[in-house]
Amino acid sequence: MISESNNRNRYLYVPFIFLLIFSSIAYIYIAKAAHLDQKIFNTHAAILADDIWALNQNGADAYLNLAVKANHYKSLSVSIPGTDSFISVTSPPLTDLSLFLHRIKLIGLKKLSQDIMHEGQIIGTLHGEKYVRVIFPLINILIFLLLLLLTATFVIHLFKNKNFLEQQVQERTRNLVESERRFHDLVTLLPEMVFETDLTGNITYANKAAKNRLRISLSKDEAINIFQFIREDERGEAKRHFQNALTGEPSKLIEFTAIDHKGTSHPILVRSSPINNGKEVSGARMVV
């Protein structure tokens, strides 16, 4: 009970560990994304320097339009000394899912600014508003972590089941061995003779009492048939009783006359039952 309680308490930490990992990854990703955004924005300013120096409005306009589409800017503008807006480009308004996420603040808006330099002099300033879309990669990271967690949980579950099944197999094997030992000891101690035969009556097992009284020794090289110990004029009836036992007919004590190794006759009472291996009858078991 204590072990089960400890296991349950251990599992309570899993959501907190998961959130800690996700928060750490999200923080690192957001920090790197912010640094990369500023680096890209600085690159835009450097590329625009020649067009701004030459007051090439068409060239700057073409480049800003490409930058707006490629990097999810809401707007980009350039101001130069003497004017607040030398050139300005605005992206189309957000629609559908992006608009919804922006309204609920899951897509943010970040302002960026960088001086435009030419030969060591400031000739203008690049201003920008950029949509912060880290929600999409963070969702992908979250899905990946959830899949990883589910996979780990599944593997742990399989491992625990495997251990449980192995324990069950070991326990049942021990029980089976113990049961077989008890059965063997019990049959060995019985004063009655106990036999097991195949479908033709050949003896496959005999307990100690049977071996001693009939002086039989079982070996793979020589088949010993149970009917050879029945008086010859009773063998037909004994075989009919044997066949009825194989069909599962309710067993009852039947009297026969047995002949031992000295040729001496003895009255015996026999009760038989079929040996079923789960699929078919493989022989008979007799108590004599």
Side-chain angles (χ1 to χ4, degrees), residues 1-4 7 154-288:
M1 292 296 292
I2 296 176
S3 178
E4 291 180 2
N7 287 334
F154 180 69
V155 170
I156 292 172
H157 179 71
L158 287 180
F159 183 74
K160 290 179 63 178
N161 279 352
K162 178 176 177 292
N163 288 342
F164 176 75
L165 289 175
E166 288 177 350
Q167 291 174 0
Q168 291 293 309
V169 169
Q170 292 174 359
E171 182 178 349
R172 292 186 180 184
T173 301
R174 287 195 298 268
N175 291 340
L176 179 60
V177 171
E178 181 64 20
S179 177
E180 289 178 346
R181 186 191 63 78
R182 286 197 298 267
F183 172 77
H184 180 269
D185 292 346
L186 177 62
V187 172
T188 299
L189 294 172
L190 283 176
E192 291 84 4
M193 294 184 288
V194 178
F195 298 95
E196 288 184 354
T197 72
D198 62 15
L199 294 173
T200 62
N202 289 330
I203 299 172
T204 57
Y205 170 80
N207 71 343
K208 185 176 180 180
K211 291 177 180 179
N212 290 339
R213 292 184 184 183
L214 299 180
R215 293 292 191 273
I216 60 175
S217 177
L218 301 178
S219 67
K220 295 182 179 179
D221 299 330
E222 182 183 3
I224 301 176
N225 196 280
I226 190 70
F227 299 113
Q228 71 186 59
F229 299 105
I230 303 298
R231 198 170 68 185
E232 188 172 355
D233 62 329
E234 296 180 1
R235 288 177 186 172
E237 179 62 24
K239 289 180 179 180
R240 282 192 294 274
H241 171 71
F242 178 78
Q243 291 300 323
N244 290 337
L246 293 179
T247 62
E249 182 176 303
S251 177
K252 57 183 179 179
L253 285 172
I254 298 181
E255 184 175 349
F256 294 105
T257 303
I259 307 297
D260 63 17
H261 66 287
K262 295 179 180 179
T264 305
S265 61
H266 303 275
I268 58 173
L269 292 174
V270 180
R271 187 188 297 275
S272 305
S273 62
I275 298 174
N276 195 316
N277 61 13
K279 294 182 179 179
E280 57 185 12
V281 175
S282 59
R285 183 175 291 113
M286 302 175 187
V287 178
V288 181

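Ala284 approaches Leu246 most closely through the heavy-atom pair CB-CD2, 3.9 Å. Ala245 and Pro274 get closest at one heavy-atom pair: O-CD, 3.2 Å. Nearest heavy atoms, Ala206 versus Ile216: CB-CD1, 3.9 Å.
Every pair passing ring-ring contact (aromatic ring centres under 6.0 Å, His included) that includes a residue from residues 188-236 is listed here, sequence neighbours excluded: Phe227-Phe242. For residues 190-219, the set of pairs meeting the salt bridge (Lys or Arg N to Asp or Glu O under 4.0 Å) definition, not counting sequence neighbours, comprises Glu196-Arg285. For residues 261-271, there are no salt bridge (Lys or Arg N to Asp or Glu O under 4.0 Å) pairs, not counting sequence neighbours. Residue pairs meeting the side chain to side chain donor-acceptor pair (under 3.5 Å) criterion with at least one member in residues 229-246, sequence neighbours excluded: Arg231-Asp233, Arg231-Glu234, Glu234-Thr257, Glu237-Arg240, His241-Ser272.
Separation of atoms CG (Asn163) and CG (Leu158) is listed at 11.0 Å; rounding is to 0.5 Å. How far CG of Asn212 is from CE of Met193: 11.0 Å, rounded to the nearest 0.5 Å. In this structure, Glu180 CD and Glu178 CD are separated by 10.5 Å, a value rounded to the nearest 0.5 Å. To the nearest 0.5 angstrom, Gln228 atom CD is 9.5 Å from Leu214 atom CG.
Applying the side-chain contact (heavy atoms from CB on, under 4.5 Å) rule to Gln167 yields no partners; only residues at least two apart in sequence or on another chain are considered. Remark: Asn161 pairs with His157 by the side chain to side chain donor-acceptor pair (under 3.5 Å) rule, at least two apart or across chains. Annotation: side chain to side chain donor-acceptor pair (under 3.5 Å) contacts of Asn276 (sequence neighbours excluded): none. With sequence neighbours left out, the side-chain contact (heavy atoms from CB on, under 4.5 Å) criterion links Asn175 to Glu171. For Glu255, the side-chain contact (heavy atoms from CB on, under 4.5 Å) partners at least two apart in sequence or on another chain are Pro267, Leu269. Listed by chain and residue number, nothing satisfies the side-chain contact (heavy atoms from CB on, under 4.5 Å) test with Ser217 (two or more places apart in sequence, or in another chain).
Paired with Asn225 under the rule side-chain hydrogen bond (donor to acceptor under 3.5 Å, both in side chains), one option of Thr197, Asn202, Thr200 passes, and it is Asn202.
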